[in-house]
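These figures come from a predicted structure and were not determined experimentally. Here, residue 1 is the first one in the sequence, and each next residue gets the next number. The analysis underlying the following values was restricted to heavy atoms, covering all of them including side chains, and did not include hydrogens, waters or symmetry mates.
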Amino acid sequence: MRARDKAAVSALRATLAELDNAEAVPVGEAETRGSALEHSPVGVGATEAPRRELSERRVADIVRAEATEPLEAAAQLAAPAHADRVERLRAEAAVLLRFLDGHGTPQMPGTRP
């Protein structure tokens, strides 16, 4: 069970990081230039960057891509010496694929479409 937990943690961390990156808004060139310290914003939320809101379809596409990546890597590891690695990669993909239903939208564990 612990090996499966490690695979789940690994897959979910990577996917959450990818979703976080997809929500990031590129910083404009003008925003990267410094200004005088006295003109800097101050207060709660002054340093917060705006984030994109992802559609369900986009989230599903990202999760699907994150699941496909370890499956493709596992398919390339044919040597018996890599059996443990292949098993772990497939377990990571299975964790992510459980979040998708047949229509490509996120499906929470324990719920039915």
Problem set entry | Heavy-atom donor-acceptor pair, Arg52 side chain to Ala24 backbone, under 3.5 Å | yes
For this session: Locate the shortest heavy-atom distance separating Ala93 from Leu71; write the atom from each residue and the value.
Result: CB-CG, 3.5 Å
For this session: Write down the atom of Glu92, the atom of Pro70, and the distance for their closest heavy-atom approach.
Result: OE1-CB, 4.4 Å
For this session: Identify, with sequence neighbours excluded, every residue that meets side-chain contact (heavy atoms from CB on, under 4.5 Å) alongside Leu77.
Result: His82, Arg85, Val86, Leu89
Problem set entry | Pairs touching residues 12-23 that satisfy side chain to side chain donor-acceptor pair (under 3.5 Å), sequence neighbours left out | Asp20-Arg51
Exercise. With no hydrogens and no angle check, is any side-chain donor or acceptor of Ser10 less than 3.5 Å from a backbone partner on Lys6?
Worked result: no
For this session: State the CG-CZ distance between Leu97 and Arg90, to the nearest 0.5 angstrom.
Result: 12.5 Å
Problem set entry | Sequence-distant partners of Glu66, side chain to side chain donor-acceptor pair (under 3.5 Å), two or more places apart | none
Exercise. Do Arg58 and Asp61 sit within salt-bridge range, that is, some charged N less than 4.0 Å from a carboxylate O?
Worked result: no
Exercise. Between Phe99 and Val59, is a side-chain contact (heavy atoms from CB on, under 4.5 Å) present by the stated rule, with each step listed?
Worked result: CA-CA 10 Å; Phe99 285 93; Val59 170; over 6 Å; no
